[in-house]
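Reading through the structure tokens given below for one structure.
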Number of protein chains: 2
Amino acid sequence: MKNISKEDYLSVIYKNSDDNKEIKANLIAEKLLISNAAVTDMLRKLSKEALIDYKPYKSIKLTESGENYAKNMVRRHRIWELFLHQVVGLPWDKVHDEAEKLEHSGSDELINRMEEMLNFPEFDPHGDPIPSKDGAIPKQRTTVSLSTLVENDSGVVIRVNDFNKSFLIYLAQIGIELNSIIEVKEKRSFDNSMLISVSQKEWNISETLAENVFVEKLKA
Amino acid sequence: MKNISKEDYLSVIYKNSDDNKEIKANLIAEKLLISNAAVTDMLRKLSKEALIDYKPYKSIKLTESGENYAKNMVRRHRIWELFLHQVVGLPWDKVHDEAEKLEHSGSDELINRMEEMLNFPEFDPHGDPIPSKDGAIPKQRTTVSLSTLVENDSGVVIRVNDFNKSFLIYLAQIGIELNSIIEVKEKRSFDNSMLISVSQKEWNISETLAENVFVEKLKA
DNA sequence: ACACAAACTTAAGCAGACTTAAATATAAAG
DNA sequence: CTTTATATTTAAGTCTGCTTAAGTTTGTGT
């Protein structure tokens with residue numbers, strides 16, 4: 001039962017690797033809020049178990065089996081998120097932390113059962129893809145940042161950045177959810193703020209907010 | 001996050017204390033499958049935190065705060081069980097193990113939300129009472145063992161002993177669930193086996209099985 | 001009342017996952 | 001190509017929850 005730690009490391013490596021699928025020890029330490037020394041320690045262990053390729057002082061890469069392991073953790077996390085949101089009705093900004101705690105427990109059977117209940121979803125409440133049982137990853141839909149839309153454009157919300165909790169809370173407040181339809185009413189060139197309408201209501205949003213909401217553009 | 005162990009000890013103490021609310025270290029070790037030395041160790045820690053009354057070589061008793069803690073764990077466990085059974089549709093014999101893993105995670109908020117979804121249930125799938133948020137414990141309904149019924153008696157299933165997994169699987173197979181109605185068709189005095197009917201079907205069951213199923217007797 | 005088995009505690013030690021501090025590699029800049 | 005800053009590793013130590021082995025206490029049976 002003490003693989004929790006290992007699981008966290010693998011998830012972090014998976015989620016934060018660059019385009020070459022490599023990552024630096026430093027980043028892992030930052031994300032997990034632990035010392036670099038602890039990271040080195042664990043890297044040696046993961047390497048011994050052939051879950052990562054690791055040579056001292058070089059950057060780190062998951063092996064195939066390490067990647068499978070990590071993908072499964074991501075899968076578990078995202079299915080929990082979606083389940084908590086959809087079935088239990090937990091608000092958007094709470095599901096991440098809750099899922100973080102639950103993802104290490106629960107049998108694969110339970111995960112599969114929840115996936116089935118959710119009708120084999122492809123994306124979680126943040127719009128991130130959910131790896132399937134066999135490790136396949138749904139292709140990201142082609143999305144653009146809300147900030148790229150201009151007056152009279154509209155789009156469906158596909159994904160939002162999970163970068164900040166109060167951001168998520170605010171989104172919920174103004175009624176922006178997965179699949180919400182957003183229409184740009186006005187756009188101000190001097191600060192790129194915009195007036196949008198979401199489910200009959202209008203709101204003024206900053207460029208920062210718009211940059212972190214991703215939509216699929218609708219035909220005019 | 002390392003209160004898992006503490007939580008397990010407190011639950012075991014709570015669930016296995018005798019009528020005087022006392023328990024011996026030995027029993028704890030047996031239930032948790034660990035050495036007596038480990039138990040002594042932890043008892044000293046729990047005692048230091050005033051969760052138990054403990055003097056070396058004497059039997060152990062929860063303090064009030066220890067009991068509250070333990071009750072909350074039992075509550076969490078049983079709500080998970082019921083949720084997994086009722087909402088997720090996990091079979092009877094699987095919920096216990098699954099809940100054991102999940103009970104340590106998940107916020108109180110999540111537990112409360114699930115409780116609400118379940119409409120503030122008083123008993124879990126095994127028929128055991130679920131402590132409420134404020135620690136109140138629903139009174140056991142007056143039940144008798146199925147083995148005490150005689151020919152032509154019938155009863156509603158209220159609780160079953162969780163003593164053995166294959167027992168639970170067999171119950172599910174022959175269709176005995178919470179709230180099933182069981183009618184005793186025949187009873188054989190030489191071995192106390194009985195022929196019962198459950199939802200239109202008839203089954204022959206041993207005395208051992210009958211002893212571990214508890215029903216509320218129905219008027220003839 | 002005494003002996004002895006069973007129950008319990010103490011002691012020493014180990015593994016996992018950390019920490020801080022010091023040492024060493026690597027990379028970037030002059 | 002040397003200096004310096006940054007990233008990484010090593011070393012030594014801590015804390016938790018266990019283990020085995022050895023030593024105590026308790027209570028039971030005759």
Side-chain angles (χ1 to χ4, degrees), chain A residues 1-14 16-62 66 69-70 73 100-101 103-105, chain B residues 1-14 16-62 66 69-70 73 100-101 103-105:
Chain A
M1 182 143 295
K2 278 285 96 44
N3 291 322
I4 289 184
S5 202
K6 214 160 279 179
E7 294 178 354
D8 287 334
Y9 278 84
L10 292 172
S11 293
V12 165
I13 295 171
Y14 180 74
N16 297 283
S17 290
D18 62 23
D19 300 333
N20 270 338
K21 297 201 168 191
E22 298 190 337
I23 190 174
K24 311 247 216 59
N26 209 6
L27 224 191
I28 302 174
E30 265 175 42
K31 293 285 174 183
L32 291 173
L33 303 174
I34 54 178
S35 70
N36 285 331
V39 173
T40 303
D41 231 58
M42 180 58 85
L43 292 180
R44 236 186 286 102
K45 291 175 198 163
L46 291 174
S47 178
K48 211 180 301 171
E49 295 182 44
L51 293 165
I52 58 172
D53 285 330
Y54 168 64
K55 300 279 170 220
Y57 294 103
K58 294 295 164 57
S59 57
I60 300 119
K61 197 172 188 173
L62 290 169
Y69 199 124
M73 288 314 297
E100 197 115 277
K101 292 179 260 161
E103 66 187 352
H104 303 293
S105 324
Chain B
M1 183 143 295
K2 277 287 97 50
N3 291 322
I4 290 185
S5 204
K6 214 160 280 180
E7 294 178 354
D8 288 334
Y9 277 85
L10 291 173
S11 291
V12 165
I13 294 171
Y14 180 74
N16 296 283
S17 290
D18 62 23
D19 299 332
N20 270 338
K21 298 202 167 192
E22 298 190 335
I23 190 174
K24 313 249 215 55
N26 209 7
L27 224 193
I28 302 174
E30 266 174 41
K31 293 285 174 182
L32 290 172
L33 304 173
I34 55 178
S35 70
N36 285 333
V39 173
T40 302
D41 231 58
M42 181 59 83
L43 292 181
R44 235 186 287 103
K45 291 175 198 164
L46 291 174
S47 178
K48 212 178 303 171
E49 295 183 45
L51 293 164
I52 59 172
D53 284 331
Y54 167 65
K55 300 277 171 222
Y57 295 105
K58 294 294 163 57
S59 56
I60 299 117
K61 198 171 188 172
L62 291 170
Y69 200 124
M73 287 314 296
E100 196 114 279
K101 291 179 260 161
E103 65 187 352
H104 302 294
S105 324

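The chains referred to below are lettered A, B, ... by the order of the sequence lines, with proteins before strands, and numbering in each begins at 1. Values in this document were obtained by computation on a predicted structure and should not be read as measured data. As a basis for the values below, the full set of heavy atoms in this structure was taken, side chains included, without hydrogen atoms, waters or symmetry mates.
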Check: residues 38-57 of chain B side-chain donor-acceptor pairs under 3.5 Å, at least two apart:
residue	atom	partner	partner atom	Å
B:T40	OG1	B:N36	O	3.2
B:E49	OE2	B:K6	NZ	2.5

List, one per line, each side-chain donor-acceptor pair under 3.5 Å for residues 19-31 of chain B, sequence neighbours excluded.
residue	atom	partner	partner atom	Å
B:K21	NZ	B:E67	OE1	3.3
B:K21	NZ	B:E67	OE2	3.3
B:E22	OE1	B:S59	OG	3.1

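Atom CG in B:L43 sits roughly 16 Å away from atom P in C:dA7 (whole-Å rounding). We find that CG of B:N26 is positioned 6 Å from C1' of C:dA7, with the value rounded to whole Å. Across the protein-nucleic acid pair, A:I52 atom CD1 and D:dT8 atom C1' stand 14 Å apart, rounded to whole Å. One interatomic measurement links the two molecules: CD1 of B:I60 to P of C:dC8, which rounds to 7 Å at whole-angstrom precision. Computed from coordinates, the B:K6 NZ to D:dC18 P distance equals 11 Å when rounded to whole Å.
For the contact set between residues 28-42 of chain A and DNA chain D, defined by any heavy atom under 4.0 Å, the members are A:N36, A:A37, A:T40.
For B:K45 and D:dG17, the shortest distance from a side-chain N or O to OP1 or OP2 is below 4.0 Å. For C:dT10, one of the phosphate oxygens OP1 or OP2 lies less than 4.0 angstrom from a side-chain nitrogen or oxygen of B:R44. For the OP1/OP2 pair of D:dT9 and a distance below 4.0 Å, the side-chain nitrogens and oxygens of A:Y54 include at least one atom meeting the criterion. Using a 4.0 Å cut-off, some side-chain N or O of B:S5 falls inside it from OP1 or OP2 of D:dC18. Checking the phosphate oxygens (OP1, OP2) of D:dC18, a side-chain nitrogen or oxygen of B:Y9 falls inside 4.0 Å. For the OP1/OP2 pair of D:dT6 and a distance below 4.0 Å, the side-chain nitrogens and oxygens of A:K24 include no atom meeting the criterion.
Between B:H104 and B:E100, the shortest heavy-atom contact is CD2-O, 3.5 Å.
In this structure A:S105 satisfies the side-chain hydrogen bond (donor to acceptor under 3.5 Å, both in side chains) test together with B:S105, sequence neighbours excluded.
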Could you pull out the protein-nucleic contacts involving nucleotides 27-29 of chain D (nitrogen or oxygen on both sides, under 3.5 Å)?
none

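Remark: A:Y9 OH to A:L32 CG distance equals 6.0 Å, nearest 0.5 Å. Taking CD1 from B:I4 and CD from B:E103, the interatomic distance works out to 9.5 Å, rounded to the nearest 0.5 Å.
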